[in-house]
Amino acid sequence: MGTHWHIFKLGLQNTAAYRTNFFFRAVFNLVPLVAALALWRAIFADGKESIAGYTLVQMLSYYLIVTMVEITTAVTEDEWQIATDIKDGQISQFLLRPLGYFQYRLCLFSANRVIYTAVAFLPMTVIVCWNLQYLLPPANFLSLLGFVCSLALSAMLQFLLAYLTALLAFWVLEISTMSFMLLAAQRIASGEMFPLDLLPDWLNRTLMLTPFPYCVFFPASVYMGRVEGTALAQGLFMQGLWIVALFVLVRLVWSRGLRTYTAVGG
Amino acid sequence: MSDCSSNSTPASQRLTAGARNWLYYPDLYASLWRNSLTRELGFKVNFLLWLLVELVWFALQLSFISVIYRHTENIGDWTKWQVVMLVGASHFIQQLFQAVLLVNCAQLSELVHTGRMDFYLVFPANTRFLVSARHVDLGGFVSAASGLAVMIYAAAQMHTTPSLTQMAAFGALCVAAVIIHYSVMFLMATCSFWTVRAQGLVMAYYNLFSLTRVPDAAFSGAARAIFTIAIPVLLVANVPVKVLLGKMNSLWGAGLLVGMSLVCFLISAVVWRAALRRYSSASS
C-alpha cells in the first residue's frame, strides 16, 4: 500500500507540472458540450414535450452529467504513455521489480484523474452556472450512492480498455489508429454523443451487451434515476463482470506480449 | 522572405532576388510532395488504417445526425439533408486542411522541444512556409472526396442542383475556410513556444472545430457572437453550404468569412513573429 501511495504522489507531482496543458485540454473538451446544449435547445424550441422520454431539462442534464462522468473517469493520455513504455523498453525494469507494471500505471491513472478533475473544476463550474436551471439533482439518495459506485467501476473499465489497446504496442509500431478506433466506438456506443434511448430498441439492447454503455451511459442513467432497483444491481454486476473479463484478457495479452518482447539497449 | 533578405542591398537587386526566390517555391513544394509520397508508400498498411479511421469518424457524425432526425423534423431552419450536406462540407474542408497543413502544425511543438527548429531557421526559405508545408498527408485528399460524395448525395436527396456560380463561390469560400482552420491551429501550435508542452493540441483542435458541423441556427446570443467573431468556427462550413443551398439573403456572410480568414491569418502571423523572437534553441 505504501509503495502505491508513493507512486500516486509521484504521479500527482508529475501531472501537476503539466497543469496548464490539462487546463487548456479541459476547456476545449467542453466545446462539444456547449454545442450539444445549443443543439438540443434548438430542437426543443418548437414546443416538443419530450424526446424518447427526455424533457428538455432532462436532456440537457444528461449532457452535463455525462461531461462530469468523463472528467472524473476518462483516460487522457495513459494509453500513449503505456505504448511508448513498451516500445522504448521502459517496461524492462518492471519485470525485475516486485511492483507490477499494471499496478504502477493504475496509480498514475488515478493521480491523472485527480489532477484533471481539479483543473477542469473551474471551467465546468462556469458552464454549470450558465445552465444551472438545467442541472437536475440526483433522483434520490440511493441513486447518488449507485452513481458513485458506478463511477468508480466506470473509471476502472475505461482504464482496462485503454490498457488493452496500448498492449498492441507489443506487435505494432503505431497504436494511434487502434486508439482512435476505440475512441470512436466509445463516443457512439457509450452514450457520450446522445442518450442510447434515442436509438431503436434492438440496437440499444445489443449495445448493452458490450462494455461501452457501462462507461458513461449507465452511470448517467443511475444519477438521473432512470435505472433503479434490480436494474441498478444488474448494471453494477455487469460493470464488475466486464472488469473481471477485461482484466483476465489483459493478463493473457501481457504474457503473450512478453514472449515477443525484446528490450533493446541498456 | 524577410528572414533571408538583407536591408543593405539596393532596392532593384532586392526585387529581383525576391522574385527569384518566389519562383523557387513551387519547385520546393513539389519536392516536399515527392518526399511525402515516398514516405507514405513505405507505410501502406498504416496509410490504409488511417483512411479507415477517418471514414469511421465521418460515419459517426452522419449517424449522429440520422439519430437526431429520427426525433425531429428541423433544427432551426435546417432540414435533415441540409445538415447532412453541412456535415459533408465540414468534413471536406477539414480533410483538405488535414491533407496539406494539419500534421505540420501538430508537429511544431515537437520541433521546438527537440531543438530541430534550428534547422528550419537556417534554411534559405521562409521558415513559416517550411514548418507549415513540409509534410503532405495524401490520405486527406481521399477522405475529402468522401465528404464531397456525401454532399452530392445530400443534394440529390433534396433535388437541388447548385448553379456554376454557386459552386465557384463554394470553392472560393472553402479556401477562406481552410485559411481559418490553418490560422487558428497554427496560432494554438505557436503557443508551444511558451508552454512546456502542447500535449493534446490536436484533440483541442478537433474539439473546437467540431462546432463547424453544427447548424448556426442552433446558436443564439453571446455563444453565437463568440463562435462567429472571436473564433469564427460557425462561419467555416455554414457559409459555404448556405451559398450552395441559396440560403443566403445577402453577401454579408460570405464577406465576413473572407474577412475573418484574413484577420485570423494576420493574428497568427503576428504571434508567430513574437514566438520566433522568444525562441531559444533547446538542442545541445
Peer 1: Can you tell me which portion of B:Trp50 sits under 4.5 Å from chain A's heavy atoms? Options are side chain, backbone, both or neither.
Peer 2: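 For B:Trp50, the contact with chain A is made by backbone and side chain together.
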Peer 1: Would the number of heavy atoms belonging to other residues, nucleotides or ligands and lying under 6.0 Å from CD of A:Glu49 be above 12?
Peer 2: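 At most 12 heavy atoms, drawn from other residues, nucleotides or ligands, come within 6.0 Å of this atom.
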Peer 1: Does one side chain, of A:Glu79 or A:Thr165, offer a donor that lies under 3.5 Å from an acceptor on the other?
Peer 2: no
Peer 1: Heavy-atom cut-off 4.5 Å, strictly under: side chain, backbone, both or neither for A:Ser176 against chain B?
Peer 2: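 Contact with chain B involves both backbone and side-chain atoms of A:Ser176.
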Peer 1: Do B:Trp78 and B:Val241 touch side chain to side chain, with heavy atoms closer than 4.5 Å?
Peer 2: yes
Peer 1: Measuring heavy-atom distances to chain B, does A:Trp40 have an atom under 4.5 Å in its side chain, in its backbone, in both, or in neither?
Peer 2: side chain
Peer 1: Return the orientation label for the B:Trp57 and A:Phe180 ring planes: parallel under 30°, perpendicular over 60°, tilted otherwise.
Peer 2: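 Judged by the thresholds at 30° and 60°, the geometry between B:Trp57 and A:Phe180 is perpendicular.
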Peer 1: Under 4.5 Å heavy-atom distance to chain B, tell me which part of A:Leu37 shows up: side chain, backbone, both or neither.
Peer 2: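 Answer is neither: A:Leu37 stays 4.5 Å or more from chain B.
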Peer 1: Side chain, backbone, both or neither: which part of B:Val53 has a heavy atom under 4.5 Å from chain A?
Peer 2: both
Peer 1: Can you tell which part of A:Arg187 gets under 4.5 Å to a heavy atom of chain B, answering side chain, backbone, both or neither?
Peer 2: side chain
Peer 1: CD1 of A:Ile91 to CZ of A:Arg105: how many Å apart, nearest 0.5 Å?
Peer 2: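 Taking CD1 in A:Ile91 and CZ in A:Arg105, the distance rounds to 11.5 Å.
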Peer 1: Report the relative orientation of the aromatic rings in A:Tyr62 and A:Tyr54; use parallel for angles under 30°, tilted for 30 to 60°, perpendicular for over 60°.
Peer 2: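 Ring orientation, 0 to 90° scale: perpendicular.
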Peer 1: In terms of heavy-atom proximity below 4.5 Å to chain A, should B:Phe227 be classed as side chain, backbone, both, or neither?
Peer 2: side chain
Peer 1: With a 4.5 angstrom heavy-atom cut-off, is it the side chain or the backbone of B:Thr72 that approaches chain A, or both, or neither?
Peer 2: both
Peer 1: Examine distances only and state if a side-chain atom of B:Thr228 and a backbone atom of B:Ala225 form a donor-acceptor pair shorter than 3.5 Å.
Peer 2: no
Peer 1: In terms of heavy-atom pairs under 4.5 Å, which option from A:Val172, A:Thr76, A:Leu183, A:Leu30 contacts chain B the most?
Peer 2: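 So the answer, after comparing A:Val172, A:Thr76, A:Leu183, A:Leu30, is A:Leu183.
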Peer 1: Would you find more than 12 non-hydrogen atoms of other residues, nucleotides or ligands less than 6.0 Å from A:Arg256 atom CZ?
Peer 2: no
Peer 1: Pick one of side chain, backbone, both or neither for B:Leu60, based on which atoms fall under 4.5 Å of a heavy atom in chain A.
Peer 2: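 Looking at B:Leu60, backbone and side chain both touch chain A.
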Peer 1: Based on non-hydrogen pairs under 4.5 Å, which of A:Ala52, A:Pro32, A:Ala185, A:Ala45 is most in contact with chain B?
Peer 2: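 Heavy-atom pair counts peak at A:Pro32.
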